[in-house]
Structures are given as C-alpha cells and as structure tokens.
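A quick write-up on the structure given underneath.
If you're wondering where the values come from, they're calculated on a predicted model, not measured in any experiment. Protein chains get the first letters and strands the later ones, always in sequence-line order, with residue 1 at the start of each.
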4 protein chains.
Amino acid sequence: MPDIAAVKAALTAQRIETPSWGYGNSGTRFKVFAQAGVPRDPYEKLDDAAKVHEFTGVAPKVALHIPWDRVDDYTALGAHAKERGLELGAINSNVFQDDDYKLGSVCHPDPRVRRKATDHLLECVDIMDATGSSDLKLWFSDGTNYPGQDDIVGRQERLAEALAEVYERLGDDQRMLLEYKLFEPAFYTTDVPDWGTAYAHCLKLGPKAQVVVDTGHHAPGTNIEFIVAFLLSQGKLGGFDFNSRFYADDDLMVGAADPFQLFRILHEVAKNRGLEAETGVAFMLDQCHNIEAKIPAVIRSVMNVQEATAKALLVDLDALGEAQRSGDVLAANAALMDAYNTDVRPLLREVREERGLAPDPVAAYRASGWQEHIVADRVGGTQAGWGA
Amino acid sequence: MPDIAAVKAALTAQRIETPSWGYGNSGTRFKVFAQAGVPRDPYEKLDDAAKVHEFTGVAPKVALHIPWDRVDDYTALGAHAKERGLELGAINSNVFQDDDYKLGSVCHPDPRVRRKATDHLLECVDIMDATGSSDLKLWFSDGTNYPGQDDIVGRQERLAEALAEVYERLGDDQRMLLEYKLFEPAFYTTDVPDWGTAYAHCLKLGPKAQVVVDTGHHAPGTNIEFIVAFLLSQGKLGGFDFNSRFYADDDLMVGAADPFQLFRILHEVAKNRGLEAETGVAFMLDQCHNIEAKIPAVIRSVMNVQEATAKALLVDLDALGEAQRSGDVLAANAALMDAYNTDVRPLLREVREERGLAPDPVAAYRASGWQEHIVADRVGGTQAGWGA
Amino acid sequence: MPDIAAVKAALTAQRIETPSWGYGNSGTRFKVFAQAGVPRDPYEKLDDAAKVHEFTGVAPKVALHIPWDRVDDYTALGAHAKERGLELGAINSNVFQDDDYKLGSVCHPDPRVRRKATDHLLECVDIMDATGSSDLKLWFSDGTNYPGQDDIVGRQERLAEALAEVYERLGDDQRMLLEYKLFEPAFYTTDVPDWGTAYAHCLKLGPKAQVVVDTGHHAPGTNIEFIVAFLLSQGKLGGFDFNSRFYADDDLMVGAADPFQLFRILHEVAKNRGLEAETGVAFMLDQCHNIEAKIPAVIRSVMNVQEATAKALLVDLDALGEAQRSGDVLAANAALMDAYNTDVRPLLREVREERGLAPDPVAAYRASGWQEHIVADRVGGTQAGWGA
Amino acid sequence: MPDIAAVKAALTAQRIETPSWGYGNSGTRFKVFAQAGVPRDPYEKLDDAAKVHEFTGVAPKVALHIPWDRVDDYTALGAHAKERGLELGAINSNVFQDDDYKLGSVCHPDPRVRRKATDHLLECVDIMDATGSSDLKLWFSDGTNYPGQDDIVGRQERLAEALAEVYERLGDDQRMLLEYKLFEPAFYTTDVPDWGTAYAHCLKLGPKAQVVVDTGHHAPGTNIEFIVAFLLSQGKLGGFDFNSRFYADDDLMVGAADPFQLFRILHEVAKNRGLEAETGVAFMLDQCHNIEAKIPAVIRSVMNVQEATAKALLVDLDALGEAQRSGDVLAANAALMDAYNTDVRPLLREVREERGLAPDPVAAYRASGWQEHIVADRVGGTQAGWGA
C-alpha cells in the first residue's frame, strides 16, 4: 500500500504552471464574451496568477505568450512576479497571428515569411535569457486547408530547417518543447499533427528537444496515456498542456470532460517517474475560460490535476503488478479502480492545512474579495485576450 | 440509361443559393486573415454574388444574415438585387453574438434573454415579409460547456416554446428551416445536436417546419445520405447548408474534402425527387473562405455541387434497381460507381455554352477584371465579416 | 441535500437485468477464447445468473436470446429460474445469424427472407407469452456494406412494415424495445443507425414501442445523456443495454471506460424520474467478457451501475438547480462533481449489509467455491457462445 | 503535362499483391456467411489468385498467412504458383489465434508465451527462406482491454526484445514490415497503435525494418497521406495493406469508401518516388469480402488501385508546384482536382488492350466460367477461412 506521508510529500512538491492567457478573454470563432475585471496587461495577469498560487500553494510558475505578453522590460516583469511569489515559466511563441502567416510560418512556401517566423522564435529565446525561463514551447498552426495546397514533404523540410536553427540557439539549461495538434486552424494537413511527427523531429534535433502533450490535441479514440508512457520511457516527454475536451480542441478545464482519463494519464506519469523533479516533466495548463469566471476556473483546474495526481499516487503498485503478472484481468483493473474511486478531497484538504493554506481554495478565493476588487478597479483600458 | 436531355434540363433548372457572409472575411478563433476587396456592406456583397450568378447561371439567390445584413430599407436592397438578376433568399437569424447570449438564447435560463432572442427571430420574419423571402433559417448556438451547467430537459422545453411562437408568426408561404449541429461553440451539450432532435421539434411544430442538413455538422462516421434519404421520405428535408470538412465544422468548399460523399448525398436527393422544385429542397452554401480568394471559391463551390448533381443524374437507376433487387452487391455498387467515375465536366461545359455562358466560370471570372476592380475600389470603410 | 434513507431505498429497489449470453463465450472476429466452466445450456446460464443475484441482491432478471436460449419447455425453464430466485426477462430476437440474412432480415430485398425474419419476431412474442416476459428487444443488423448496394428508403419501408406487424401482435402488457446502432456488422448503412431513426419508428408504432439505448452504439463524440434525457422527457426511453467502449462497440464492462459518462447518464435518469418503477426503464447489461472471468465480471458490472446510481442520487438537486438558474457555471458544475467525487462504496456496503448480503460481492463470489465447482463440473458438451 | 507514354509504362509496371485469405470466407464477430466455391486449401487459393492476375495482368504476387497457409512442402506450393504465373509474396505471421495468446503474444506477461510467439515469427522467416519471399509482415493483436490490465511500458520492452531477435534472423534480402492498428481486437491499449510507435521501433531496429500502412487502421480524421509522405521521405514506408472503411477496420474493397482519399495517398506515393521499384513499396490488398463475390471483388479492388494510380500519375506536377510556390490555394487545389476528376477508365482499358488483356477484367472473369467451375467443383472439404 502506498505510504501516505510519501503521497503527501509528492502532492506538496508538485508544481502546476498556469498560462498568462488563461486570465484574459477568449472565445470561439463565433464570439468572445468579455468578462469584467479581466487584466489589461501582463502585470495584471501576474497579479491574478498570484491569487491562484496564494490559495493553492502549487502554482508559482506563469507561462508567457509572445507577443501577447511582450513588455519593454522583462527584468521589471520578473521582479513583479517575484514580489508575488511567482516565477516566469515557459515562453510560448506565436507565429500564427501576423498577416504574413496566412499560409504558414516556418513551413510557408515563401522564404521571407519563414525567415520572419524563425526570427520570432529566436527572439523568444532572447526573452528566455532575460526571464530565466528554461522552456521554449513551440506550437505551429502551420498546415493547409485544401488537398494540393502545398507540398507535404517540402513543408517538413522547411520545418526541420527552422527547428534546427532555433535548437542551435538554445543555451545549456534551455530546452525546446514541441507541441503537436491534430487540426485547427488548418483543416486538411497540419505540419505537426501527431506525437509521431513531433517525436521524429525531436529525435533528430537532440536531447534538448522534447514533446509536449496537449491533452486536447488528439483524434477521437486516441489513447493518450499510451503516448505519455511511451514518451516517458524514451526520455522525450517534456510536459503537458492540460485541458479537456468532448469533441475537438475544446480547451475546457482539465478533468472536466473525462476525469478518469486524466487519472490514467497521471498514473502513467507517476508509475514511470514523471513526478520526480529530475525527469523534467512540466505540468502546464492551457485552457480557455470562455464562459466561466476565470480565476476560480484556474484554481479549480489546479485542484483537478492535484486530485488526479493524488489518486494516481494511491494506486497500490505492488498489488497491481502482482495481478498484471499473473494475468488476472479483473484484479488488475480493480487495483487501479480502487485508487480512482477513492475520495481524495479530504487528503488534499489535509495537505493544504498542513501548509497553512485554506482547505478549500475556491471558497477562500471567493471570500478574499479579489474578484470584487478587480471588477471595480480594472475599468478602462483594453482587456487582454488572444489578440493582445 | 439516363436521358441526356433530361439530365441537361435538370442541371439547367437547379438553383444554388449563396450566402452573403461567404463574401466577407472569416477565420478561426486564432485569426481572421483579411482579404483585399472584400465588401463593406450588404450592397457590395450582392455585387459580388451577382458575379457568381453571371458566370454560373445557377446562383440567383443570396441568403442574408441578420444583423450582419441589416439595412434601413430592405426594399432598396431587394431592388439592388433585382437590378443584378438576383433575389434575396433565406433569412438567417443570429442569436449568438450579443453579450446577453453567453449562456444561450432561446434556451437561456433567464426569461428576459429568451424574450430578447425570440423577438429577434420574430424580427427576422418581419424582414422576410419585407424581402419576400420564404425561408427562415434557424441555427442555435445554444448549449452548455460543462456537465451540470444547465438542465437538458428544461432547455428543450424553452426551445420548444420559442419555436412555437415563431412558427405561429409565419405567413402562409413562409417556412422555418431548423438546423442542427453536433458541437461548437458549445462544448458539452448542444440544444439541437442532431437530426433526430431537429426532426422531433419540426414534427411537433407542423408542416411549415423542416430540417436543414449542414453537411459539416455531424459526428465522425455519420452517414449523411441516410439522413437525407430519411428526411426526404418523410417530407421533412427543407434544404442543405453545403460545405465540407475533414475534422469538425471546417466549412471548407463543398466537395473539397469528400466529393464521393457529396455525390452519394445528391444521388439520394435525385432518386427521392429532391431535385424537383415542388419538393422544396433549398440548395444553399454555407462556407468560410478563410485563406482562398472568396468569389472564385464560391464559383468553384457552385460548380462542385453541379458536378455532383450531374453524376447523380447519370446513375442508371434501372440497372441499379435491378442489381439491388437481385442482391448482386458488386453490380449494384458498380452501377453507382460508373456514374461517379464519369467525367461530367464536358457535359457541364456544354450546358453552360448552350445557355450562352462561358464554359469555365472560374476562368471567365478571372478574365473579367472584377477582382482587380474591387481591390482597387473598396478601400477604406470596414470590411464585412462575421461580426459586422 | 439528498436524504440518505431515500438514497438507500432507491438503491435497494433498483433492478439490473443480466444477459444470458454474458455467461457464455464471446470474442472478436479474430478469435473466441474459451473459458473453463462456461455453461452448456440455458439452464446452466441461469445457474450462473443466480450467483450474480445471490451476491448482489439486485439482479433477479435474466434476458434470453432466441435461438441461443431456445428450449423445448419454457415453463420448465421458468421454474428453474424461479427456484433460484430469478425471473426470465427481455426476449432478444436474432435475425442475423441465419444464412438467409446475408443481405438483411426484415429489410432484405427478397420478400421470402423478410417473411422468415418477421416470423421469427412473432415467435419471440410467443415465447414471451410462455415466459411471461414483457419486453421484446429488437436489434437489427440490417444494413449494407457498399454504396448503391440497396435502396435506403425502400429498406425503411420494409422495416416499418415488419415492425407494424409485430407491434400488432403484442399483448396488453408487452412492449417492443427498439435498439439502434451506428455500424457493425454493416459497414456502409445501418437501417436503424441512430436514436432519431428508432424514435421516428416508435412514434409511428404507438405507445408500446420504445427506444433502447445501448451505451456502446454511438458515433464518437455523441452526448448519450442528452439522448437519454430527451427520450425520457418524451416517454420513449424503454431501457438501457449497458456496456462501455473506448472505440467502437467494444462491449466492455459498463463503467470501465468512462465512469463519469455513466454517472452523467444516471444523473439524467434520476433527475427525470427514470429510477421510478412506473417509468418503466429497463436497466440491462449487454456485454462481452472476452478475456476476463465471466461471473465476477457481471458482478462487477452490476456494482458499477450501482455506484453510478448512488452518485447520481447524491446530487444535491436544489443546489444544482439554484446554480443553474443563476447562471453560475462553476457552481453548477461543482454541484454535480461533488456527488461524482464522493466515494460511494461505503454506502453500498452498508446497503448490502442491511439486506444481509456480504459487503463485497466479488470477494463473496470468489470465496463461494462456485467457480471451482463449475470448472470441475462442466466438462464435455458444447460451451454456450454466440452461435449456440 | 504528364507524358501519357510514361503514365502507361508506370501503370504497366505497377504490381498489386493479393492476399491468400481474401479468397476464403470471412465475416464479423456476428456471423461468417460462407460462399459457394471457396478454396479448401492454399493450392486452390492460388488457383483463384491466378484468375485475378490473368484478367488484370498486374497481380502476380500472393501473400501467405501462416498458419492458415501452412503446407508440408513450400517448394511444391511455389511450383504450383509458378505454373500459374504467380509468385509467393509476403509471409504474414499469426500470433493471435492460439489459446495461449488471450493476453498477448510477444507482449504477454508470461515469458513462455512470448517465447512461443517469437518462435512462430522465426518459423515465418524459415518459410520465407523456403518460398523466396522477401517480406515478413508483422501484425500484432497484442494489447489490453481494461485500464490497469498490464504495464504499457513493460509491454513495449517485451515487444522490442522480440522484434530485435527476429530482426537478427533476417537474411540480406529480407525485411520486416511492421503494421500498426488503432484498436481491435484489443479495446483499451494496443501495443502498436499508430505509425509513430511502429516508426520508433523500426528506427531502432535498422534499415531492414519498415512500416506498413493499412489504410483501415487509423483513428477517425487521421490524414493518412501525411503519414505516407512522411514515411516515404524517411525511407521507412515498406508498403500498404489496402482496404477501405467508413467506421472502424471495416476491410471493405479499397477505394469503395473514399476514392478521393485513395487518390491523395497515391498522389503522395507518385510524387515521392514510391512507384519506382527501387523504393520498395509493396502494394498489397488486405480485405474481407464478407458479402460480395470474392474473386470479382479482388479484381475490382486491383482496378480501383490502378485507377487511383492513373489519376495520381496524371497530376500536372509542374502546374501544381507553380501554384503551390505562388501561394495560389485555389489553383493548386484545382491542379490536383483536374487529375482526380478525369475519367481514367478509357486509359486503363487501352493499357490492358495493348498488353493483350480484355479491357474489362470483371466482365472477362464473369465470362470465363471460372466461378461456375469452382462452385461445381469445390464440394466437400472445409472451406478456407480465418481459422483455417
């Protein structure tokens, strides 16, 4: 049986990175519904992120998205973070919103556009140098909408060339996290559509290139925990972009659509040493709170990851392994389900209280008055969103 | 064997309605790439639609979207259309872009919002009176993002109530076309998610309510032609929103992703008298030309529907029926495939030339100078898009 | 907050019907792996079913499948059941395994085959008269593999004709439960592919015809609880065929693939009075235990339904409704998740102990020696399977 | 524009391998419908395959499946083939139908079962030595049905170990073709579920290991031509198992479900030198003719591959490349569609006639009397099927 002290220690040690853009407005192609109190700049986003960390105790890192979070002085931004107990996390590049990128960025047929896109990626490494971030997260919207639109293999070669140039630029303590996605915004081909493509590129690039698994980026029916286990076994899992989905890339709160899947993923992580710091798996959120209140939604998401992790840590690996080796299908399944069916909320409340935190982070946030403060205070200016 | 004169007559008689919003800018949640020369108002949209009709000869109707196409004087708009050989087609309601609709429109938990939404639908019928349009096309983005967010059955009751009120308002020559969609923008439940739900509501409403099949609105693996055949057999197919998809509701040009599926759909239409005017099936496009040139994309789409229709008309129904009745699977399939494998482009060129049209509408459009004209002329102002 | 005594009463009252074929061998098209101790005839299947009821206390009914469970004397079979505390449940027809049914049964192009198939359905009603079963469960494998193979509308008409004849034959206390399925064994069209088709036929037939929801028979992404809620609201939900799936119709143990989905389904059932006996919803299992031990797998499945039901009964409907009406997305979702995240196994152990049952039915079965008994005893003869 | 003589030469040179099991009975888990005249042994399968080659001229190779095609004397079998103008093709292993393989073969938790499975693979290489076959085709049904059933990473390690042992055993002119499949018969994890996993293993094994793409083995929405292009560019595409599907692994005739997809795949093949013999891409069929006549279905399938190939060869690569480089989405798409919309049946009839073949192979087969001959002649004995 798992040792409860060790489980608590692991839960206390876990870190979940929140995305700066999760605090801003987002929506679908049909409509962005603005919310009162949304940050107007990266500093205010950090202020909100600080609240998530204050009440959960496990979310000190905040991922930035360039150019949405571009500032004149990253040292000042870093100081602003530090004052609030935060650090700046992964730098996310954006090569999909400039008018030049209509037909792609690093895979574009025009070398001028590719140059521009690659330069942006290099700029992101510069920013990493300034912020002390170790992770460059790359998601490419590159792809095509129509059969014949461009050459599939040619685009792969252009991609490889750009990645190689950026890889060379990385410092010793920096790495490149390559994300894949089945589709959207491209609707026929996507240039990094699946883990196999991301893995193949990372393998050629070298040890500093790893794959990021966004839990919403797969074809229906894909067994995500298989991918996670495989990548971990090969030393190629760089991290997660957590969210959840019923259909496409819905970007709902992680654990909201299929909490059992999230548990299965974290079981593979826990079993294959992915919770140990030296494995280097980054646990990041990447979500859109289109209609729900943003800060409590982030808090809830952090808690959902914690609960799935707690259940994963409660799996009796000895009993599980014994049942697996003996071929007892029902007993092996039952060993896993026993952990999943456990209510871990009391355990997590205990972990929080032992650290001096309120047992219910959402309630504590609601009672804190922060929401009322920002709604009253953040009037005027331009609310942050995907475009700004 | 099909009679070629009859095939040509059917192809000449077919009408394909184009959507006003297909001429404006569109995109994904990530980015709208603006195109030069895009219309700034409904009048300019009609100017573009007139070009599509000029070169294809089968696209005289233009669907409007309210409020995107709201004008002060619909008589003037109708006259503008008529001068260009066009008529105003279906009126499409929009109850998804007002800030009040964050949690739904006619299914919203708040009766005030439902009233507002229903009033908008009634306004659309007023506009139909003014434009002489016979079809009210209803698509509801209503739904929920999270389990528990709202009551599924309660929302159905609210929906039924609003539909009944609007149905009562319809004139003798007006009908209500109810669209369904699997998901997006709602990510957990959608209030009209499938043909079964739309059909059940239309059945209760009465003969003036019919279902619209948007070819991009189904779950993976759905057999759309089955739905089309079933609805036709029940007198409940009101029309199509044509487009194509590889993944979700991609809104690519119809026939671009799966031309064989389009053929199979049109085979069911042709076989079940859906091409006859009295059946009342509206053939409408509903697409987004995010990255391709818009007017030629609409022309190409019209041609794709024509080609699929031509192939459907070439099916030797006698041979097909004989093989079906005798249980000869391969012969029945071959009878269908023979028509599909035929190159119908020469036949359609002939049909066009017999009507005095250029045989290649895309080339004719490109040679016409219209694109250069609008790029030069439409400078300043605000380009039309989904939001305006 | 839910009243615990009422929750316990509802859990005690719930009945879950097990399928005779779940005790026999099953497999995929690639291989059927036989298990030791499998029943050789319907009497032995009832013996196994009796064990499931003995240890769970909620599974007194056993569904039969004709011809797999055809016996000379149904009175004797009924007596055998009664002696073991069981009743005979739904009669499942089989019009897919005779050589005549290669191209369909009641939809076959040949009237002779249709007659034969309809006669089989009528024979099933005769058996219902003999067994006292109230439910005729109809699943049709009818469909086509290739485009053009047969006429979609023609097949619907043949289906309607056969259903009408069987409907007429039903007694006052008998009903027809019509099942739908996306695909398999037909690979292009299926004649009852979705709930909409089943619903439309049931509506025409009359009040004794209702829809059965097999939880494994939907397209990827289908929201099953929406269908359940809709059918319940229309008085057209006849029952469930429970099982679970990751991909197609995998027929895994219910709750094994997506326990949260099972909970959401049972939440709609509970909320819409589907747990009340007078609503008439039949809770049936329809599974294949291809590689796991069969009797404990059925026990486990019954427990999974119980656990999901218990969680559904624990939803605080007042808090949920209040949050829904006020549009508080997070609070409404949290109200649902609070119930889901509860560990209901202690409550169910209590319910069992109060009825004099062992708290852990699987352990009790394992300790009972029944498995060893049947493995030793059932030697020789032909093991029951799908074909016999 | 493509040179017609070169197109004809390529069509004449193309070879399509047919599977011995395509001539035997097959079905679904629900029923195998036997057909009259089906072969009783491998020799009769070759007799049928010879007819396919006689009428198409491009199908001289026949893949064997061990143990279904196990004979005492492979030299005799080879001679039987040679007399009919045939050669023996790929050797397909079978480690999924022995009772020992219930929980897997080379990934089984029990080393005894793994040894047995690996020995079977080595036996297949022995048979290759005897038949002169160059290709060992490996498909593993290994996987699990329930979460927790076995250790994902542990199974990968066992898989790698077995593959390495077999790889070592290969002769200089032999290669290993590793197939992947999303699911079935395993319903939770599959040990080689996608191209990424197959590719990763092949990469570690070395140059004699390549990936096989079965066109029916992907998740919904997967872009197969992307995978094909990627593998070709890396020298890792060993060949195809052609068939088609609407839902899961339906194993319908290739080109029957989505002929446009087949064309897009062959366009990538043609564009990336996959039709050139030295690239070593094997074009194999892997289908089930459950309800249609088998030999004409194989002939039709061969023709479908030829037609898709012909269209792919007709793509004007200069025009396509020019449009792609200039970013003209519509022109690039049109260049591809122009080839697809061409009716290539006249061209293929010409190619056949120039080789002295009948222009319509299906009609020629039907006129040959072979079907009547085998129906009359093959009476008694046991028909070949998946199990024998």
Per-residue contact mode, D/Pro185 against chain C (heavy atom under 4.5 angstrom):
both
Any residue meeting ring pair (Phe, Tyr, Trp, His ring centres under 6.0 Å) with C/Phe242, in chain and number order, not counting sequence neighbours:
C/Phe240
Side chain, backbone, both or neither: which part of C/Leu182 has a non-hydrogen atom closer than 4.5 Å to chain D?
both
Please report all inter-chain donor-acceptor pairs (under 3.5 Å) between chain C and chain D, with distances to 0.1 Å.
residue  : atom : partner  : partner atom : Å
C/Arg29  : NE   : D/Glu184 : OE2          : 2.9
C/Arg29  : NH1  : D/Asp251 : OD2          : 2.9
C/Arg29  : NH2  : D/Glu184 : OE1          : 3.0
C/Arg29  : NH2  : D/Asp249 : O            : 3.2
C/Arg29  : NH2  : D/Asp249 : OD2          : 2.8
C/Arg29  : NH2  : D/Asp251 : OD2          : 3.3
C/Phe30  : O    : D/Gln97  : NE2          : 2.7
C/Lys31  : NZ   : D/Gln97  : O            : 3.0
C/Lys31  : NZ   : D/Asp99  : OD1          : 3.0
C/Gln97  : O    : D/Lys31  : NZ           : 3.0
C/Gln97  : NE2  : D/Phe30  : O            : 2.7
C/Asp99  : OD1  : D/Lys31  : NZ           : 3.1
C/Tyr146 : OH   : D/Met253 : N            : 2.9
C/Tyr146 : OH   : D/Glu292 : OE2          : 2.7
C/Glu184 : OE1  : D/Arg29  : NH2          : 3.0
C/Glu184 : OE2  : D/Arg29  : NE           : 2.9
C/Tyr188 : O    : D/Tyr247 : OH           : 2.8
C/Tyr247 : OH   : D/Tyr188 : O            : 2.8
C/Asp249 : O    : D/Arg29  : NH2          : 3.2
C/Asp249 : OD2  : D/Arg29  : NH2          : 2.8
C/Asp251 : OD2  : D/Arg29  : NH1          : 2.9
C/Asp251 : OD2  : D/Arg29  : NH2          : 3.3
C/Met253 : N    : D/Tyr146 : OH           : 2.9
C/Glu292 : OE2  : D/Tyr146 : OH           : 2.8

